[in-house]
Number of protein chains: 2
Amino acid sequence: MSRSDLPSHTCTIARAVAQVGDEWTLLIVREMFLGTRRFDDFLRLTGMSSHLLAQRLKKLEAEGVIRRAPYSERPPRHEYRLTEKGRDLWAVIIALKQWGDRWLGTDDTPVQITHKACGKVVRPHMTCPDCGERIEAHDAEAQLSHTFELERQAARRAP
Amino acid sequence: MSRSDLPSHTCTIARAVAQVGDEWTLLIVREMFLGTRRFDDFLRLTGMSSHLLAQRLKKLEAEGVIRRAPYSERPPRHEYRLTEKGRDLWAVIIALKQWGDRWLGTDDTPVQITHKACGKVVRPHMTCPDCGERIEAHDAEAQLSHTFELERQAARRAP
DNA sequence: ACAGTCACTTCTTTTTTTAAATTGACTAAC
DNA sequence: GTTAGTCAATTTAAAAAAAGAAGTGACTGT
């Protein structure tokens with residue numbers, strides 16, 4: 001990872017991206033939401049190399065996104081589970097899924113989401129917590145904090 | 001990109017990830033939502049190398065996520081803008097931002113979102129379109145389509 | 001005893017990424 | 001009218017990362 005060590009004052013999007021904005025990492029997290037817990041299953045279901053899988057799992061564990069849970073002592077065996085921080089990536093995965101379904105999908109959607117509370121198959125979307133309306137790009141405006149704005153202006157001037 | 005060429009029957013999340021699930025790509029898209037349009041600004045604001053930026057912009061253009069818009073003929077100059085497909089990545093970026101704010105943030109949030117319609121600063125979240133309630137990981141269940149399920153079982157068996 | 005499973009690690013080759021320099025078509029300053 | 005600067009790249013060489021194959025160690029099951 002080239003930018004995992006971003007300073008703490010940096011944009012939180014950049015830091016989120018440095019932790020989980022990577023092809024294989026996102027696939028691992030997706031697999032976890034689908035219930036995959038073991039090394040070999042990740043290997044086979046994602047098609048990634050064992051070298052890379054071991055490395056990514058270590059990184060995710062170090063970041064607190066997943067944790068290793070032993071399920072056998074002899075031989076030492078363990079499975080990988082999402083922590084709360086990891087489960088909180090759900091919105092990211094779902095957003096990617098909706099986008100993929102819309103722009104890259106065929107007729108059938110390979111994964112459908114059911115809202116347990118109402119029992120319906122749904123396509124969750126981003127909503128304004130205040131007025132309850134759906135929000136998309138054109139409904140929103142971004143404000144930069146003063147310090148962040150200054151940082152960006154400095155970056156733009158200094159090559 | 002190792003897996004940009006995923007077959008069309010593959011999971012849409014995997015294909016979304018193959019198109020935009022990359023550190024620099026996500027940072028470019030984030031910059032676009034913040035209004036950045038020009039090569040040099042992307043360079044300075046993200047800190048990436050010009051080689052990689054050119055490559056990523058080319059890929060994103062080929063995928064239809066961004067488009068080049070000429071703003072000067074002599075010298076030939078153009079800016080990069082999100083297409084509808086690109087703007088539709090808003091939910092992904094916002095989900096990453098919320099996650100970053102919650103798990104990697106300090107006290108001040110560098111970017112705040114205002115809902116134009118109600119004028120309030122908000123933290124958008126995923127909602128069930130049917131009952132309107134907020135959905136998170138534990139409120140949802142995933143169903144795999146029959147063909148997708150079979151595909152996964154085959155993958156699990158065949159190394 | 002021998003094959004098989006699981007969770008890796010090691011090794012070699014190939015591909016990407018970085019970093020720095022260069023290009024080309026201008027524009028604005030001296 | 002030479003020189004510096006901007007913008008959007010491309011080129012090249014060196015460093016880092018990933019892919020792919022094979023191996024390891026602690027078992028289990030036959």
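Chain A is the first sequence line, chain B the second, and so forth, proteins listed ahead of strands; every chain is numbered from 1.
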Salt bridge check, [Y] against [X]: does any charged N sit closer than 4.0 Å to a carboxylate O?
X        : Y        : result
A/Arg102 : B/Glu84  : yes
B/Arg81  : B/Glu79  : yes
A/Asp40  : B/Arg156 : no
A/Arg67  : A/Glu61  : no
A/Arg38  : A/Glu31  : no

Distances under 3.5 Å between protein N/O atoms and the N/O atoms of nucleotides 3-7 of chain C, please, pair by pair.
{"residue": "C/dC6", "atom": "O2", "partner": "A/Arg77", "partner atom": "NH2", "Å": "2.6"}
{"residue": "C/dA7", "atom": "OP1", "partner": "A/Tyr71", "partner atom": "OH", "Å": "3.1"}
{"residue": "C/dA7", "atom": "OP1", "partner": "A/His78", "partner atom": "O", "Å": "3.1"}
{"residue": "C/dA7", "atom": "OP2", "partner": "A/Phe39", "partner atom": "N", "Å": "3.4"}

Please report the distance, rounded to the nearest Å, between [atom1] in [X] and [atom2] in [N].
X        : N      : atom1 : atom2 : answer
A/Arg157 : D/dG5  : CZ    : P     : 17 Å
B/Glu23  : C/dT16 : CD    : P     : 17 Å
B/Met48  : C/dT16 : CE    : P     : 15 Å
A/Leu53  : D/dA17 : CG    : P     : 18 Å
B/Leu43  : C/dA20 : CG    : C1'   : 13 Å
B/Ile66  : D/dA8  : CD1   : P     : 13 Å
B/His51  : D/dA14 : NE2   : C1'   : 13 Å
A/Arg56  : D/dA19 : CZ    : C1'   : 12 Å

Is there a side-chain contact between B/Gln55 and the phosphate of C/dT16, meaning an N or O under 4.0 Å from OP1 or OP2?
no
Between C/dT18 and B/Trp24, is there an OP1 or OP2 to side-chain N/O distance shorter than 4.0 Å?
yes
Who pairs with A/Gln112 by side chain to side chain donor-acceptor pair (under 3.5 Å), at least two apart in sequence or on another chain?
none
Result block: side-chain N/O donor-acceptor pairs under 3.5 angstrom for residues 125-133 of chain B, not counting sequence neighbours:
{"residue": "B/His125", "atom": "ND1", "partner": "B/Arg134", "partner atom": "NH1", "Å": "3.1"}
{"residue": "B/Thr127", "atom": "OG1", "partner": "A/Thr127", "partner atom": "OG1", "Å": "2.8"}
{"residue": "B/Asp130", "atom": "OD2", "partner": "A/Lys120", "partner atom": "NZ", "Å": "3.0"}

What's the closest nucleotide to the side chain of B/Lys58 if the choices are D/dT10, C/dT9, D/dA18?
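Closest nucleotide among those given: D/dT10.
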Side-chain polar contacts of residues 93-101 of chain A - donor-acceptor pairs under 3.5 angstrom, sequence neighbours left out - could you list them?
{"residue": "A/Lys97", "atom": "NZ", "partner": "A/Asp101", "partner atom": "OD2", "Å": "2.6"}
{"residue": "A/Lys97", "atom": "NZ", "partner": "A/Val111", "partner atom": "O", "Å": "2.5"}
{"residue": "A/Gln98", "atom": "NE2", "partner": "A/Pro124", "partner atom": "O", "Å": "2.6"}
{"residue": "A/Trp99", "atom": "NE1", "partner": "B/Lys85", "partner atom": "O", "Å": "2.8"}
{"residue": "A/Asp101", "atom": "OD1", "partner": "B/Thr12", "partner atom": "OG1", "Å": "2.5"}

Please, which pairs that meet ring pair (Phe, Tyr, Trp, His ring centres under 6.0 Å) have at least one residue in residues 49-88 of chain A, sequence neighbours excluded?
A/His78-A/Tyr80
Angle between the two end axes of the helix from C/dA1-D/dT30 to C/dC30-D/dG1, five base pairs per end, rounded to 10 degrees?
0°
